[in-house]
Asks: 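Mind looking over this structure? Questions follow.
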Amino acid sequence: MTFRELGLSEKVLQAVEASGYTTPTPIQAQAIPEVLAGRDVLGIAQTGTGKTAAFTLPMLSRLEQGRARARMPRTLILEPTRELAAQVEESFGRYGINHKLNVALLIGGVSFGDQETKIMRGADVLIATPGRLLDFAERGKLLLTGIEILVIDEADRMLDMGFIPDIERICKLVPFTRQTLFFSATMPTEIVRLTEAFLHNPVRIEVAPAASTSATIAQVLVASPSGPAKRETLRHLIRSVDNFKNAIIFCNRKRDVAILHKSLQKHGFRAGALHGDMDQRSRMASLDAFKNGEVDLIVCSDVAARGLDIPDVSHVFNFDVPVHAEDYVHRIGRTGRAGKLGTAISIVTRADQKHLAEIEKLIGRVVEWQQGATLDTLTQDDEEEASPRQRGGRRTSGERTRAPREHSAREPREQSKRTREAPHDAPKSNGPAAAKAHDPRPQEARSQEPRQHEPRQHAPRAPEQKVPDHRERSHQRPDRARSRDNGHDDQPVVGMGDHVPSFLLRPVKLKPSVVEEAEEA
DNA sequence: AAAAAAT
C-alpha cells in the first residue's frame, strides 16, 4: 500500500514524499479515502498511530477547491491542549508546503492581535483549543457558519478535562451539513453519546486496542525511597541507563515539576520544564529546546502525557507513578515511537504500590523490577534517609554524619557534599541504583554536553561513585550552590560542632509555600 | 493524590 493509492492530490503527495514517507499507517490507509469521499469518520486510535496525518492530508486535498472568506474559516480542528494544537499546525505547515492556505492557530495564553489578523484575512484551516475559540465566537470576531469540515481530536481527553459542554456548544455553531471527523483513544459512554449526537452515519475505524502498550517500549520499575533520595535515584538512572539520548520525566503535580526541574539544573543537567501554569511562551520555548536538542531532559506534568509527538525520545521516566492508570499508557507512549525502541522507567515508592497494581491490571501484564530489586529490598537505612525531617531528635547531627567513604579521600574538596550524597548514590548491592557499572554513552551524548571540553576526571564510574561534582556545577558560583543546598538535603550542620540546640531538632511543620522555597535549592 | 483550559 502506498499513499498514491489513496486518492490524495498531487500537491499533497509531493509534500508527503518530500517528508520521506511512502507507506500509510493503518489509520491513514483506512481514513484517508473516506475523508476524501466526504464521509463522517469515527476514528478510535491512540496518538502515535499516524492519526494527525490521517486527517490533515485529505483535508489539504479537499481544501484545494474554494477560498476562505474573512472571519469565516473553512475547517475547524479542536484540540484539548495548546501544544497539541500547535503540533497540528506544524503538520499543516509540513504537508501544505505546495498549498497557499491560510492556517490560523487559536489558543489561549498568547495575544489576540495576530490571531485576529489571521482570521480577518480568512483562514482555510483553524486549529483551536475550546476556550479561546468560544471567546472569539462570542465577541463576533469569528463566524463558524462557513465550516466545511470539523475535526474533534482526543475527544476522551476533552471529556477528562471538562470540555464536553464547550464542544457541544461549538458543534451547534457549525453548519449541520459539515463533515465531521471524530477521534478518541477510548469510547466511554459520554463519548458514545456525543458521537451519536454529532456524527452522521460515520465510518468507524479502529486501529489499536485501548490500553495496549507498544512492543517497542521496554518497561521497568525501580524501587526508591521518597523525598530527596528519589531525586538522587533519578539522577543516577539518567547517568547510568543504556542508549540514552533524551528523556521526558513525568511528575504528578505541577509544583513537583518545578522543584525537580530546578534540582536537575542545580545538578548540572540540561533540563527544561513544561506544565500548565507556565506562561505560554515558556511552554513553547521548553518544548522547542527539547525538540531541537538544546536540552535533553524535559520535566513535565500530564499536560505532555498525551499526543505530543516528539520523534526519537529514548527514555520516559515516571518520577511519580501516575495516579490514574490510563495516564501511564499515555506517558510511556511518548517513547518507542515510529518503530524506534524506547525505554520507560518508573520510580516506585512504597506509597505507589496501589497505583502500580492498577497499572499492571490495565496493561494486562506485570512490569519487571530492575535487577529484581523490589521495594522489599530497600533497606531500613534507605527508608530512613528518605525522611530526614521526620527524624526529629532521634539522632544528633553528629551521629548523622557518616564515616567518609573511600572515594571521599580521592576527592577531598568534595567531601561534605559526598558525605551527604553517598547514602543514596550508593545503595546496597541489590538496591535500585546498582544497575549499571558505567555509563556506556559517548561523551557527546550525555546530559553534561556543554562541558564536554573539560577533561573527564574519572574513567567510567563504579556504581558507588558519583560523577565528579565539579563537572556538574562548574558553571555555578560555588557559594550560591552551597548555601542553597543546606535547606532540604540531609547535610550535617556545619559550624555548630556536634552540639545542636534542641529546638533545631524539633520537627517543624511548614506551610506548603515555605516548603516549596526550601525545596527549590 | 492531578492536570488541563478563556481572562
Asks: Answer with base, sugar-phosphate or nothing: what part of the nucleic acid does His324(A) contact at a heavy-atom distance below 4.0 Å?
Replies: base
Asks: Sequence neighbours left out, what passes side chain to side chain donor-acceptor pair (under 3.5 Å) with Glu148(A)? Give chain and number order.
Replies: Arg74(A)
Asks: What is the nucleic acid contact for Asp166(A), judged by heavy atoms within less than 4.0 Å: base, sugar-phosphate only, or nothing?
Replies: nothing
Asks: Arg139(A) near the nucleic acid: base, sugar-phosphate alone, or nothing, with a heavy-atom cut-off under 4.0 Å?
Replies: nothing
Asks: According to side chain to side chain donor-acceptor pair (under 3.5 Å), who are the partners of Thr343(A), at least two apart in sequence or on a separate chain?
Replies: none
Asks: What do the steps show when you test Met161(A) against Glu154(A) for side-chain contact (heavy atoms from CB on, under 4.5 Å), and what is the final call?
Replies: CA-CA 11 Å; Met161(A) 291 168 63; Glu154(A) 301 269 335; over 6 Å; no
Asks: Applying side chain to side chain contact (heavy atoms under 4.5 Å, CB included), can you list everything that pairs with Gln353(A), at least two apart in sequence or on another chain?
Replies: Leu375(A)
Asks: Taking 5' to 3' order, which nucleotide of DNA chain B is first and which is last to have an atom within less than 4.0 Å of a heavy atom in chain A?
Replies: dA1(B) to dT7(B)
Asks: For Gly109(A), which contact category applies under a 4.0 Å heavy-atom criterion: base, sugar-phosphate, or nothing?
Replies: sugar-phosphate
Asks: May I ask you to say what Asp320(A) touches in the nucleic acid, namely base, sugar-phosphate or nothing, with a heavy-atom cut-off under 4.0 Å?
Replies: nothing
Asks: Taking side chain to side chain donor-acceptor pair (under 3.5 Å) as the test, write out the residues that go with Lys118(A), two or more places apart.
Replies: none
Asks: Tell me what Ala305(A) touches on the nucleic acid: a base, only sugar-phosphate, or nothing, going by heavy atoms under 4.0 Å.
Replies: nothing
Asks: List, one per line, each side-chain donor-acceptor pair under 3.5 Å for residues 84-91 of chain A, sequence neighbours excluded.
Replies:
residue	atom	partner	partner atom	Å
Gln87(A)	OE1	Asp309(A)	N	2.8
Gln87(A)	NE2	Gly307(A)	O	3.0
Ser91(A)	OG	Thr56(A)	OG1	3.3

